[in-house]
Amino acid sequence: MLTAEDNELLTRVEGDAPMGQMMRRHWIPACMSEEVEEPGGAPRRVRLLGEDLVAFRGTDGKVAMVGEYCPHRRASLALGRIEDCTLVCLYHGWKIDADGKVLDMPSEPPESKMKDKVKHVAYPVVESGAMIWVYMGPKESMPEFPLPPWMDKPDNSVAIAKLHEAANWAQAMEGTIDSAHSSTLHSSNIRSAANVRGSTDRGGSKELLLERPSVDRCPRIQVQYTSYGFRYAAVRTPMQNADKEDYVRVTVYIAPFISLIPPHDTWQSAQVFVPVDDHNTMFYFVAWSDKKQLDQKDWQKENFAAVGIDVDSYHRKFRNRENLYKQDREAMKNGDFTGIQGVPNQDMAVQESMGSIVDRTKENLGASDVAIVRFRQMMVHAARAFMSGEPAIGTAEPRLPLTEIRAFEGLLPKETPWRDKGVTEQEAAGFRKLTDLRSPEPVRKEA
């Protein structure tokens with residue numbers, strides 16, 4: 001349970017909200033590269049932290065990110081033309097470059113100096129890992145761009161599924177750091193080790209299936225704080241050798257946007273949650289592998305995130321709260337637990353059902369919610385520290401390359417420490433530099 005004040009601090013990201021301002025000190029995933037794939041093609045609306053932007057790829061192949069509304073009369077530049085490496089407003093022909101400089105104002109007299117005085121909103125952009133990243137903070141605070149975790153090897157194959165979620169960013173993120181729910185909500189997709197790992201046909205559609213060597217629905221949660229966020233282990237009793245081994249899944253939270261999921265045998269995955277505004281989030285499910293070629297369209301279909309089939313062109317779900325996510329009650333009678341197709345859709349169904357910003361003062365948390373509690377404590381503390389002048393979480397030393405950070409899944413002999421599993425030598429050295437891996441602030445007694 002969280003106080004109403006802390007709930008506001010955790011969830012609000014628009015304008016001067018401390019959480020949003022802290023996020024602006026990070027490179028933010030803005031959209032997929034394929035959404036602005038064509039040089040000189042159509043601009044793309046992007047909304048981040050409550051701010052309306054437009055991404056466009058110039059004829060030189062470089063992507064720019066500028067404010068959506070023309071500085072002249074506020075017409076949308078999403079309707080604009082691409083001329084060379086500039087965006088031209090249809091209304092009066094004002095021409096804006098990637099740096100926000102107004103190069104031409106055809107409606108003004110030739111002798112006018114107005115274009116030298118007008119500066120449009122524009123943000124630095126980097127394209128990496130099949131995504132477009134933008135920095136929206138003060139230039140003097142701009143960190144070096146960190147390669148995303150899925151760029152740990154140059155020959156990685158990467159596939160991304162994208163879905164809009166009608167819920168606050170923290171609500172969405174809490175789903176990925178709540179291991180206990182997967183044994184219930186996703187029980188038709190995550191099965192015992194006797195089932196085949198991979199994908200299967202379900203009503204004519206491929207759906208992702210995973211396996212676990214455990215039927216334990218009550219994991220023991222342990223948390224390890226790091227310089228970039230935290231790692232947590234969900235320890236379960238395995239189906240075999242339970243007296244000698246534990247089944248351990250270590251999930252990684254890289255503040256503020258990324259969670260690394262315990263790996264599949266042939267691919268790794270991350271879940272990325274980017275605040276659109278106070279009430280909406282964009283979700284990216286990233287898979288990568290250096291062992292097999294991943295197909296983007298197949299990955300999107302397996303996660304029921306295919307454009308034109310499952311979502312519209314801006315990734316808004318056709319399965320949504322208004323139509324109860326097209327829940328199939330007949331399938332439920334026949335053994336499907338939720339009747340909702342796709343793991344991401346199952347997550348979003350329950351998270352959106354809480355309302356766009358859940359009232360955390362009315363919750364009753366238990367032992368399985370330890371990682372959720374620590375996430376909230378850490379991020380609220382980080383926002384307060386940022387307000388007092390400290391660096392944004394994850395931007396101070398020691399800083400680790402994100403490509404050196406790993407999740408972990410496996411059977412471990414009992415009493416074997418999990419904290420070193422899946423950890424590179426560089427990351428372990430970073431842990432040793434940290435002086436406090438306990439809670440970042442005293443745990444308050446909940447009302």
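The structure displayed is predicted, hence computed values, not measured ones. The figures that follow rest on heavy atoms only: side chains count, while hydrogens, waters and symmetry mates do not.
- Ion pair Arg399/Glu404 not flagged as a salt bridge, since none of the NZ, NE, NH1 or NH2 atoms sits closer than 4.0 Å to an Asp/Glu carboxylate oxygen.
- Side-chain contact, Asp84 with Thr86: no donor N or O sits under 3.5 Å from an acceptor N or O.
- Residue Lys119 places its NZ atom among more than 12 non-hydrogen atoms of other residues, nucleotides or ligands, all under 6.0 Å distant.
- A heavy-atom distance below 4.5 Å is not found between the side chains of Phe257 and Pro148.
- Between Pro262 and Phe408 the shortest heavy-atom distance is CB-O, 3.5 Å.
- The pair Lys115-Glu108 fails the salt-bridge criterion, with no side-chain N (NZ, NE, NH1 or NH2) lying under 4.0 Å from an Asp/Glu carboxylate O.
- In this structure, Asn303 contributes its side chain and Ala305 its backbone to no donor-acceptor pair below 3.5 Å.
- Annotation: side chain of Trp94 is in contact with side chain of Val102 (closest heavy-atom distance under 4.5 Å).
- Asn189 and Gln346 share a side-chain donor-acceptor pair at under 3.5 Å.
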Using the side chain to side chain contact (heavy atoms under 4.5 Å, CB included) rule, take Leu53 and Arg45 through it: C-alpha gap first, then chi angles, then the decisive distance, then the call. CA-CA 6 Å; Leu53 305 169; Arg45 281 195 183 101; over 6 Å; no

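- Put simply, the side chain of Tyr232 gets close to the backbone of Ile177: a donor and an acceptor are under 3.5 Å apart.
- Between His72 and His92, the ring centre distance stays below 6.0 Å.
- Arg231 is listed as a side-chain neighbour of Thr226, based on a closest heavy-atom distance under 4.5 Å.
- Looking at Tyr135, its side chain does come within 3.5 Å of a backbone N or O of Pro138 through a donor-acceptor pair.
- At most 12 heavy atoms of other shown residues, nucleotides or ligands fall within 6.0 angstrom of atom CD in Glu144.
- With respect to Asp155 and Lys291, no salt bridge is recorded, no charged nitrogen being found less than 4.0 Å from a carboxylate O.
- Under the 4.0 Å criterion applied to side-chain N and carboxylate O atoms, Glu68 and Arg74 are not assigned as salt-bridge partners.
- Residues Met387 and Gln21 form no side-chain contact, since every pair of their non-hydrogen atoms from C-beta on lies 4.5 Å or further apart.
- The six-membered or imidazole ring of Trp288 lies away from that of Trp299, with a centre-to-centre distance of 6.0 Å or more.
- No more than 12 heavy atoms of other residues, nucleotides or ligands lie within 6.0 Å of CG in Asp16, so this atom counts as exposed by the packing criterion.
- Salt-bridge check for Asp312 with Arg316: passed, with a basic side-chain N closer than 4.0 Å to an acidic carboxylate O.
- The only member of Asn168, Asp278, Asp277, Asn7 that meets side chain to side chain donor-acceptor pair (under 3.5 Å) when paired with Arg12 is Asp278.
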Evaluate the side chain to side chain contact (heavy atoms under 4.5 Å, CB included) criterion for residues Ser157 and Asp290: first the C-alpha distance (whole Å), next the side-chain angles of each, then the deciding distance (0.1 Å), finally the verdict. CA-CA 6 Å; Ser157 175; Asp290 63 343; over 6 Å; no

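- Screening Arg384, Arg376, Arg360 for a salt bridge (charged side-chain N to carboxylate O under 4.0 Å, His left out) involving Asp6 leaves a single residue, Arg384.
- Counted within 6.0 Å of CZ on Arg47, heavy atoms from surrounding residues, nucleotides or ligands total more than 12; the atom is thus considered enclosed.
- In summary, Arg319 and Asp310 engage in a salt bridge, as defined by a charged side-chain N under 4.0 Å from a carboxylate O.
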What do the steps show when you test Arg249 against Glu409 for salt bridge (Lys or Arg N to Asp or Glu O under 4.0 Å), and what is the final call? CA-CA 4 Å; Arg249 290 173 56 83; Glu409 176 185 32; 3.1 Å; yes

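- Centroid-to-centroid, the aromatic rings of Trp27 and Phe145 come within less than 6.0 Å.
- There is no side-chain donor-acceptor pair under 3.5 Å between His120 and Asp97.
- For the pair Lys317 and Met348, the minimum side-chain heavy-atom distance is below 4.5 Å.
- Electrostatic pairing of Glu35 and Arg57 does not count as a salt bridge here, judged by no charged N lying under 4.0 Å from a carboxylate O.
- Geometric assessment of Arg44 against the ring of Tyr314 yields a positive cation-pi assignment under the 6.0 Å and 45° thresholds.
- The ring of Tyr253 has its center closer than 6.0 angstrom to the ring center of Phe375.
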